[in-house]
Amino acid sequence: MKKYAILLFVALLLGACSTTKKTFKQEEISLLPKPVSFQLKENSFEFTSSTKVVLQDESQQKAVNYLLGLFRTAAGYDLKVISSKKSNTVIFEKVTGLKKGAYTVDINAKSILITASEETGYFNAVQTIRQLLPNQIESKKITKMQWLVPAATIADEPKFEWRGMHMDFSRHFFNIDEVKSFLDNMALYKLNTYHMHLTDDQGWRIEIKKYPLLTEEGAWRIPNNQDTICNTRAVENKLYTIDESNFKEVNGQRKYGGFFTQDQIKEIVAYADDRCITVIPEIDMPGHFKSAIDNYPFLSCNGESGWDTVFTYPTCLGKDTTYEFMKNVLSEVVELFPANYIHIGGDEVNIKSWEKCPHCQKAIKDHGLKDEHELQSYFNRDIEQFLLSKGKRFMGWDEIVKGGLTKDASIMWWRNWAPEAPKTAAKNGNDIVITTTAAYYFDYLNEGNKLENVYKYEPVPADFTEEEAGHVLGIQANLWSETIPNFKRLQYQAYPRMFAVAENAWVSQEKDFASFNKRVEKQYDRLDALDVYYYIPAVEGLDKEIAFVDKTEVNLNLAYPLEGTEIYYTLDGTVPTKSSLHYETPFTVNDTVEIKAKSYRGSIYNDLKTTKVIRKEYKAAAVDPSTKANGLKQWFIKGQFKTVEDITSPTATNYKSVDSIALGNFKDQKDFAIVYQGFFNAEKDGIYEFETRSDGGNLLFIDDDLIVDNGGYHGPRKKYGKVALKKGLHPIKVNYKASENPKMIDVWYALQGEVLKPLNSSVTKF
Ligand code: TNX
């Protein structure tokens, strides 16, 4: 008896040893997107080389493959796949009634049970387990370690069916390995729709067998003025270097470009499909078509190809050959992409060409159309019918709403300034993907469109009824690549903002930025393991010149705290590296210098920030200025001025006295200038900042010295300047030259470092 008791005790002990493992703390866990429900339990499950995976149904294959792949690469072993339950197993089990993408996971020391009703549910469950595993699971090198997953019960389902990311291959090209890496990381965050913008003015990126010139010629360009921004920025900032591997020598000419063969497209689609990601192709038409028109000039209204003022000449919609060309292209495209939707663009069309084109005008007349917008809709409907005949649905940018849509069409709303487009579409019963410039334009810099803004943005328009909201398929962020010339830069623009898209596309619960941000912070180490580049907090304090008289303290800060991020800077004009000066505390400057600073987290750095720190001499106040009233003198001068420099100071006494600087009723006038003159009252000795905002051009002088140079012809633009002023009155003059379409002239001021205030009669005299 005693002997049995001892045996039983040993058995229990052994059992306990093999099943009692680490219990995780909540802070160690960071799931993104956040699951609907997550209950942490005691203990954990350990993956070992003897862990088996129970596969019972074909719909589980993709999820199982992905799980096996993770362990093969990072742990160096193959998990065995079996069909019946045992202990130390990961069991995939089909249940009925869960929504698409939904899953449950139950993890205990002995097993992991995953349930779902279809393949994307299983796949999402594996991604949750992937995020619960140590970051080393992302490594391409084998690590020997304990692969623990916390015991927990999880139930989860997505909010939106369309959880999208977009890449623009035309403006800059990204190769197939980069696409695959992007897809892998989309999968990790449960993003399931990948929109490929494959054609545009700057390059055609998909092989079309019937029209070989599209890629033989249309995929390659001689670097031109479209490349100036990147090339200029790249001088000091390598993140803007145009990827060298996308250049090739053609007949002695260095050309930029690239394209996907149809086989490569199939490979991408299959790779995405293995990750439960749908690929949506976009062939942008009838505008943004220059790369095709260049090589097939019959497509345009008069054989012309190139840029008009803002957009390129579109294809002619009055010639049958255009319709035939589009359909021939699409016939090949539909065969390559199994997705339901084909995106035909439809944005930013320069309809001026159609106004002048006899073919287009004839088509408008023949088909009883009202105008050029209806001509585009006529074209859209024809293309839509064609796509329907191929079993595909038609999708386009929100401009296509204007001339009328059929019930079946779907749109992507991007123009934040055109809220009537999604409203009209939703009322009409069209489905909508929200991709607005207000939050989802990831080509916009992180500093201007911050993570918090993306996270807090409410995608469904506030004026949508419940029924209309039902037409919102989901959300998508776009990575337009005019200024994204390499894959590192693309990742820099995408992360961490892509997390906000993943979270808001998935989670229905109320938003809480602080708690979301905690989970975001935990992702950076995983991104490091994945070898993904990302945005880190920028150096703040160098946005404007710093002026001083004697000496000044320079204070550099990170825009927000992020563990492991440090600032490096130089004072000798060179671009800082990690061997440059390491910023610890504010430092004193007593002569004019240029500061260049970058933040670093490991080898990740962000955009260079540069500013001048300039020594100034005080300007003495005017002696005996003999002023009578508050405000400024204003002269309105009729006449054509070539530049703002051509305005001479008026001496006439026909001025008006004004309290503030503003365009007011002059908005409706043409060909004029305005001059303001008087004194600025400096309340104390100090550095003063002036800022002007105007169109056309303006110059601000103090004591006849140019302080703000906002000259040159331009749309509304702000500029600033700084000056050291002794307490008292200082002569001030503002010359403004109106643009063709006068919009504004106003002037702001502040003591350096303080908030700008409008310049008005409280500080001016004449
Ligand atoms: C507008 S979004 C465009 C793109 C540009 C993008 C730059 C859309 C349908 N058209 O062609 O790349 O702005 O932000």
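Start at 1 and go down the list; that is how both ligands and their atoms are numbered. Fair warning: this is a prediction, and the values are worked out from it, not measured in the lab. Nothing fancy with the numbering, it's 1 onward along the sequence.
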*Does Glu468 pair with Lys423 as a salt bridge, N-O distance under 4.0 Å?*
yes
*Charged N to carboxylate O under 4.0 angstrom, Glu178 versus Lys180?*
no
*Tell me the residues surrounding ligand 1, counting only those with a heavy atom closer than 4.0 angstrom, sorted by chain and number.*
Arg171, His288, Asp347, Glu348, Trp397, Trp414, Tyr441, Asp443, Tyr444, Trp480, Glu482
_Using a strict threshold of under 4.0 Å (side-chain N to carboxylate O), is an ion pair present between Glu458 and Lys511?_
yes
*Considering only NZ, NE, NH1 and NH2 on the basic side and carboxylate oxygens on the acidic side, decide whether Asp443 and Arg171 come within less than 4.0 Å.*
no
_side-chain hydrogen bond (donor to acceptor under 3.5 Å, both in side chains) contacts touching residues 212-224 (sequence neighbours left out)_ = Arg221-Asp227
*State plainly whether the residues Lys609 and Glu447 are in salt-bridge range, i.e. N to O under 4.0 Å.*
yes
